[in-house]
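A short write-up of the structure that comes next.
In what follows, every chain begins at residue 1, and chains take the letters A, B, ... in the order their sequences are listed.
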Amino acid sequence: MLTRANLFGALVFVAVAISALFLPPWLVSLATIAFANALVVLGLVILWRTGLVPFGQALFYAIGAYAVALIGRYTPIRDVFVVVLAGAVAAGVVAYVIGFLLARYREIFFAMLSLAMSMILYGILVKSEALGSTDGFHVEAGSFLGWRPQGALRNLALFWLVLGFCAIAAWVVGVYFRSVAGSMAIPMRDNEIRVEFLGLSVDRLVHLKLVISGVLAGIGGALAALAVQHVDPQMAYWTTSGGFVFVTVLAGAGSVAAAFVGSLAFELVRSIAVALLPGAWQLILGSALLLTILFLPEGLGSLYSRLRRKPAAPKEQPGGPS
Amino acid sequence: MSGAILSVRDLEKTFGSVVAARDISIDVPPLQTVGIIGANGAGKTTFVNMITGHLRPSKGTIHFEDRDITGLPSRTITRLGISRSFQVAQVFPSLTVIENMRAAAAIGRGKDSVIAQAMTPLDSPQARSEADAAVDLFQIARYRDARAATLPQGVRKLLDIAMAVAGHPRVLLLDEPTSGISIEEKFGLMDVVMSALKTRKITVLFVEHDMEIVGRFADRVLAFYDGTVIADEKPQTVLANPKVQAFISGTKPLNEDALHA
């Protein structure tokens, strides 16, 4: 699977990793959160391409985050690789279980059912005194295979950790997009009956998408928990889910790279907006989304493909770079 | 089962108190081309839907290559080797003709499991060459890069049928292949379809309203009336049957003699 696009993607990741050494610490921290969230967005893109919009993806995000926090609290395990993978597995299992129900629904019913699931978790977390209720609780600083960096070095190490997970996720999702199952996104949106009568179960295809997107959101949440060193029920709240949908619209579902670019752009715009208009930054963010929808209905990702589109570009490789 | 590829016994389907099909028993030998005629509501599509697993029969059995397939889900039946096309062509409008074919060929080549399909690339030399061969065989290569949404009705029908046979079925059911096609185009379309299916060695059952087409392309005709098969013989014999003429083809008005013939 060593295509030119993969090689290009790998080079970009390495370049970004190296550039972190020369960037101001605030930007590295911002990018850490942005890329952790980009994994959630990447999961949304997988569903979005089939026309499914989950308004409760924060469910998996919060499960990944709380898994890391709980391991830190109740076990001696501190290794970041182990705890992030535990977060991924926890979110994947939840996605698999609720997928049996959720995969039978489409459109607004899918969106609302997903929202309901996430709000159930929010309700449970808020009522759990042992988990700090609405305040949440502290997340233990992890160790990197025994190494425990401090201060600025820890921030760098975390950034590289996030970047590593992003690179793997981007590659896996790229392979998935080019697979038979991954290529069914548009066919499923077009005509479920035909997909069924060709011999593939549409419900199972949706179920698989849910599990992949759940795992990605779980990894994103786990990494965010490590970066922020705190978890609270807000991570499962519907506004968090809405934020991810917002970034997905901003990024567009055209390519894997769009999720990362979109997420970074979102965090940057938000930081700038908060600095400029501390009381009304949502106004700027809303305007940014409005302009995107008006002028780039297929998202920021489409800017790239618009610039390099050749007259007879092959259409059946929606994976794009990385 | 006596060498029949498809064998139906005492098939019945009821929706509440409405009987959509009853007492249907048919054996289809391999490579036969069977025409299915009948007025609207006579049970033709119900019959097709039961064989392809879209509807579960209320009673009776369906055997395919000596295997009981009664009540299996449509996906499983497709995988076993019975495919179908639709009265309204079911294609992927956003994709081009060749992309439609490649998707169909890739699914047909792969397994039922979505996890296996998630690890198989869509684009493979085999799926490509199968898709190329299919658009040639069904004579739609001229439209290969046109989006399916923009196709003329006849081409869309051909694409639908080409996709239905992408998984190499042994039996194909065509639900009104010529509906929505102008009279001038009907024969040409059926010529292409039938010769392609002969090449692929597929047993065909097709639902059709045009008696001329039935007479020309079928080896055998099943006439449905009120949920049952009232005639099952060679086309000429069936079309000359007074009951068929009275109830289905409309070539003779209904009279008392017809009912006792």
Side-chain angles (χ1 to χ4, degrees), chain A residues 1-3 5-6 46 49-51 92 96 99-100 103 171-213 215-216 253 298 311-319, chain B residues 52-54 73-86 88-96 98-124 127-128 131 145 147-149 159-160 163-169 173:
Chain A
M1 288 289 160
L2 200 70
T3 62
N6 282 339
I46 291 175
R49 289 154 69 100
T50 316
Y96 178 71
F100 284 101
W171 178 69
V172 170
V173 172
V175 169
Y176 169 75
F177 279 165
R178 284 186 290 276
S179 76
V180 178
S183 313
M184 285 303 120
I186 292 169
M188 282 158 75
R189 212 171 50 195
D190 268 6
N191 192 340
E192 291 196 1
I193 292 174
R194 180 34 101 196
V195 176
E196 286 277 345
F197 275 91
L198 286 173
L200 271 187
S201 162
V202 173
D203 285 0
R204 284 191 208 157
L205 285 169
V206 172
H207 201 159
L208 176 66
K209 284 174 190 293
L210 268 169
V211 173
I212 298 175
S213 75
V215 167
L216 288 171
E298 285 163 54
K315 268 181 66 188
E316 61 272 277
Q317 289 229 346
Chain B
T52 53
H54 201 53
S74 52
R75 207 171 54 246
T76 314
I77 291 177
T78 304
R79 291 278 173 196
L80 287 173
I82 301 183
S83 192
R84 72 171 292 180
S85 76
F86 294 85
V88 176
Q90 300 290 332
V91 298
F92 305 128
S94 312
L95 303 185
T96 66
I98 197 72
E99 285 169 348
N100 266 281
M101 273 320 301
R102 281 185 191 151
I107 297 177
R109 293 181 53 77
K111 298 202 182 64
D112 184 32
S113 148
V114 294
I115 295 178
Q117 296 277 26
M119 293 190 274
T120 318
L122 178 80
D123 196 16
S124 70
R128 265 174 193 264
D145 296 317
R147 281 181 58 227
L159 177 59
D160 181 39
M163 288 170 78
V165 297
H168 303 287
L173 291 99

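- Closest of all the heavy-atom pairs between A:Pro187 and B:Leu95 is CG-CD1, 3.9 Å.
- A 4.5 Å side-chain heavy-atom check between B:Arg79 and A:Leu200 finds at least one atom pair inside the cut-off.
- Contact annotation for B:Thr76: neither backbone nor side-chain heavy atoms come within less than 4.5 Å of a heavy atom of chain A.
- If you measure heavy-atom distances from B:Ala116 to chain A, you find no contacts under 4.5 Å at all.
- Looking at A:Met188, neither its backbone nor its side chain comes within 4.5 Å of chain B, counting heavy atoms on both sides.
- Pairing each heavy atom of B:Ala118 with each of A:Leu208, the nearest pair is CB-CD2, 3.7 Å.
- Of the atoms belonging to A:Leu198, heavy atoms from both backbone and side chain fall under 4.5 Å from chain B.
- Residue with the most contacts toward chain A among B:Val91, B:Ile115, B:Ile77: B:Val91 (heavy-atom pairs, distance under 4.5 Å).
- In this structure, B:Arg84 is positioned above the aromatic face of A:Phe197, its NZ or CZ under 6.0 Å from the six-membered ring centre and within 45° of the axis.
- Using a 4.5 Å cut-off on side-chain heavy atoms (C-beta onward), B:Thr78 and A:Glu196 make no contact.
- Looking at heavy atoms from C-beta onward, B:Gln117 lies out of side-chain contact with A:Leu205 at the 4.5 angstrom threshold.
- Contacts of B:Met119 with chain A are made by backbone atoms alone, with heavy-atom separations under 4.5 Å and no side-chain atom involved.
- In this structure, the side chain of A:Arg178 does not engage the main chain of B:Pro121 through any donor-acceptor pair within 3.5 Å.
- With a 4.5 Å cut-off on non-hydrogen atoms, B:Asp145 does not touch chain A at all.
- Shortest non-hydrogen contact noted between A:Val180 and B:Ala106 is CG2-CB, 3.9 Å.
- Counting heavy atoms from C-beta outward, A:Arg204 and B:Arg75 have side chains that approach closer than 4.5 Å.
- A:Ser183 and B:Leu122 make their closest contact through OG-CB, 3.4 Å (heavy atoms, listed as atom of the first residue, atom of the second, distance).
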